[in-house]
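Side-chain atoms are counted along with the backbone in the values below, which use heavy atoms only and exclude waters and symmetry mates. What you see is a predicted model; the values in this text were computed from it and never measured. The chain is numbered in sequence order, starting from 1.
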Amino acid sequence: MYLVCGEALFDVFATPSGTRSNRLNLEAVAGGSPFNVAVGLARLGTPCALFTGISNDHLGQQLRQVLEEEGVDCRYLAAFDAPTTLAMVALGANGVPIYSFRGEGCADRLPRDEHLAPLGEDIQGIHVGSYSLVTAPVADTLLALIRRESGNRLISLDPNIRLNVEPDVLRWRERVEAFAERAHVIKVSDEDLALLYPGEAPEAIAQRWLQGSCALVLLTRGGAGAQLFSRRHGARYAAARSVTVRDTVGAGDTFQAALLSYLHEHGLNSPGALADIEPGQLEAMLSFAMQAASITCSRQGPELPYRYEII
């Protein structure tokens, strides 16, 4: 089982209402990168739980209901009398989402060490990512968690930079490096690396991360496919699948869930087992994640695939 850690919120999509400019149609969809990863894992048949702060308000109760219906273990949720974060979403060119967050003081940012229940022996891996890496106090809670657990459990990281939550790039860089130091698997987009390390080659960053605890770095490049860097087996590349793109909301989270699911299915979800992964398994994992992400891109919003949809 994986423990996914980070934000849970509602993405709010705004579209024009007919011809009247003073009205908008709003559609709210449960989301947040870690929330999506947890749902994605459950849909792929991989046991998982979510650690996040969740509001006692109506929206928070709706998020909890979604998790329960999807089969995500809710025992690590921490309830707060604070609002639910809202992410206002507009779609730019090629369906790429543009976010604006309403989240200061909201429930998903509030968990401290005392809000995390003791981890059960069934938790074999921990995934962290997105703005929960930088927003206090949850950021410090998660960093303490992976520093404590990286010797015993698989640690997965996806930076998923959101400068409209925390505009300080140096803060992001410092926190990402702190988490990367203890991570065994890092998934990162080329856009994130361009923000964090402008002018530095992504391949050089991947190789630097592989000098520590990290065994695998996966670099997603949108329509240009994805690269995998292995400390033991070198680099691999997979082209993007041909698909009619509705939007790319949730595609990275789908990729993340799929690669973690593959590791679970093949008994590779521990630091020791991951170190012994074979070249053929790397290629199969990359193909599996690419196919899963392409399915999400063919749909509107973060509609992640189920296991039976991936051949």
Side-chain angles (χ1 to χ4, degrees), residues 1-9 30-42 46-55 60 63-64 66-67 70 72-80 82 84-85 87 103 106-162 165-166 172 175-176 178-188 213-214 252-253 255-257 259-261 263-264 269-271:
M1 174 180 282
Y2 290 104
L3 179 64
V4 182
C5 306
E7 62 265 20
L9 51 82
S33 178
F35 183 97
N36 289 339
V37 171
V39 169
L41 283 167
T46 302
C48 66
L50 181 65
F51 171 54
T52 189
I54 199 156
S55 176
L63 290 172
R64 186 186 291 270
V66 172
L67 294 171
E70 294 285 357
V72 176
D73 191 325
C74 293
R75 65 183 139 147
Y76 294 99
L77 297 180
F80 293 96
T84 297
T85 296
C106 287
D108 57 356
R109 304 188 187 193
L110 299 182
R112 299 180 183 272
D113 290 345
E114 61 266 27
H115 297 121
L116 177 58
L119 301 191
E121 293 183 2
D122 55 342
I123 301 295
Q124 297 170 301
I126 299 171
H127 173 71
V128 295
S130 199
Y131 69 70
S132 293
L133 304 179
V134 297
T135 52
V138 67
D140 297 329
T141 304
L142 297 185
L143 184 56
L145 172 65
I146 70 156
R147 283 176 170 168
R148 183 172 68 245
E149 298 294 337
S150 62
N152 303 313
R153 294 176 168 92
L154 185 76
I155 305 298
S156 167
L157 168 67
D158 176 10
N160 200 25
I161 309 300
R162 294 286 180 260
V165 174
E166 171 52 73
W172 275 101
R175 300 302 288 193
V176 168
F179 280 93
E181 183 180 351
R182 299 300 180 97
H184 304 107
V185 180
I186 301 174
K187 193 277 286 184
V188 65
S213 301
C214 188
D253 303 329
F255 188 99
Q256 180 72 61
L259 73 90
L260 291 177
S261 181
L263 294 176
H264 171 80
N269 55 337
S270 70

Calculate, to the nearest 0.5 Å, the distance between atoms [atom1] and [atom2] belonging to [X] and [Y] respectively.
X: Ile146; Y: Cys5; atom1: CD1; atom2: SG; answer: 9.5 Å
X: Arg182; Y: Glu149; atom1: CZ; atom2: CD; answer: 11.5 Å
X: Ile54; Y: Leu63; atom1: CD1; atom2: CG; answer: 5.0 Å
X: Phe51; Y: Ile126; atom1: CZ; atom2: CD1; answer: 10.5 Å
X: Glu181; Y: Ile155; atom1: CD; atom2: CD1; answer: 12.5 Å
X: Asn160; Y: Leu133; atom1: CG; atom2: CG; answer: 8.5 Å

* With Arg175, which residues qualify under side-chain contact (heavy atoms from CB on, under 4.5 Å), at least two apart? ->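 Applying side-chain contact (heavy atoms from CB on, under 4.5 Å) to Arg175 gives Val134, Ala139, Asp140, Leu143, Arg171, Phe179.
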* Asked: Does Leu154 have any side-chain contact (heavy atoms from CB on, under 4.5 Å) partners at least two apart in sequence or in another chain, and if so, which?
  ->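 Leu154 satisfies side-chain contact (heavy atoms from CB on, under 4.5 Å) with Tyr2, His184, Val185, Leu263, Asn269, Pro271, Leu274 only.
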* Are Asp108 and Thr52 close enough, and set up right, to give a side chain to side chain donor-acceptor pair (under 3.5 Å), and what steps lead you there? -> CA-CA 6 Å; Asp108 57 356; Thr52 189; 5.4 Å; no
Determine the minimum heavy-atom distance between [X] and [Y], stating which atoms define it.
X: Ala180; Y: Ile186; result: CB-CD1, 3.7 Å
X: His127; Y: Gln256; result: CE1-CD, 3.3 Å
X: Gly40; Y: Ala257; result: C-CB, 3.8 Å
X: Gly129; Y: Pro34; result: O-CG, 3.8 Å
X: Ser33; Y: Asp158; result: OG-OD2, 4.3 Å
X: Thr46; Y: Ser261; result: OG1-OG, 2.7 Å

With a 3.5 Å cut-off and sequence neighbours excluded, list the donor-acceptor pairs that the side chains of residues 111-119 form with protein atoms.
residue: His115; atom: ND1; partner: Arg112; partner atom: N; Å: 2.9

I'd like to know if the side chain of [X] and the backbone of [Y] have a donor-acceptor N/O pair within less than 3.5 Å.
X: Thr141; Y: Pro137; result: yes
X: Ser213; Y: Ala183; result: no
X: Thr84; Y: Leu9; result: no

* Asked: Quick one: which of Val37, Leu3, Leu67 gives a side-chain contact (heavy atoms from CB on, under 4.5 Å) with Leu50?
  ->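 One option only clears the test, and that one is Leu67.
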Taking the side chain as C-beta and beyond, is there a heavy-atom pair between [X] and [Y] under 4.5 Å?
X: Phe35; Y: Val66; answer: yes
X: Val165; Y: Thr135; answer: yes
X: Ile161; Y: Val176; answer: yes

* So is Arg109 actually on top of Tyr131's ring, under 6.0 Å and inside 45° of the axis? ->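 The answer is yes, since Arg109 meets both limits relative to Tyr131.
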* Any chance you could lay out the side chain to side chain donor-acceptor pair (under 3.5 Å) test for Glu7 and Ser130, step after step, and finish with the verdict? => CA-CA 8 Å; Glu7 62 265 20; Ser130 199; 2.6 Å; yes
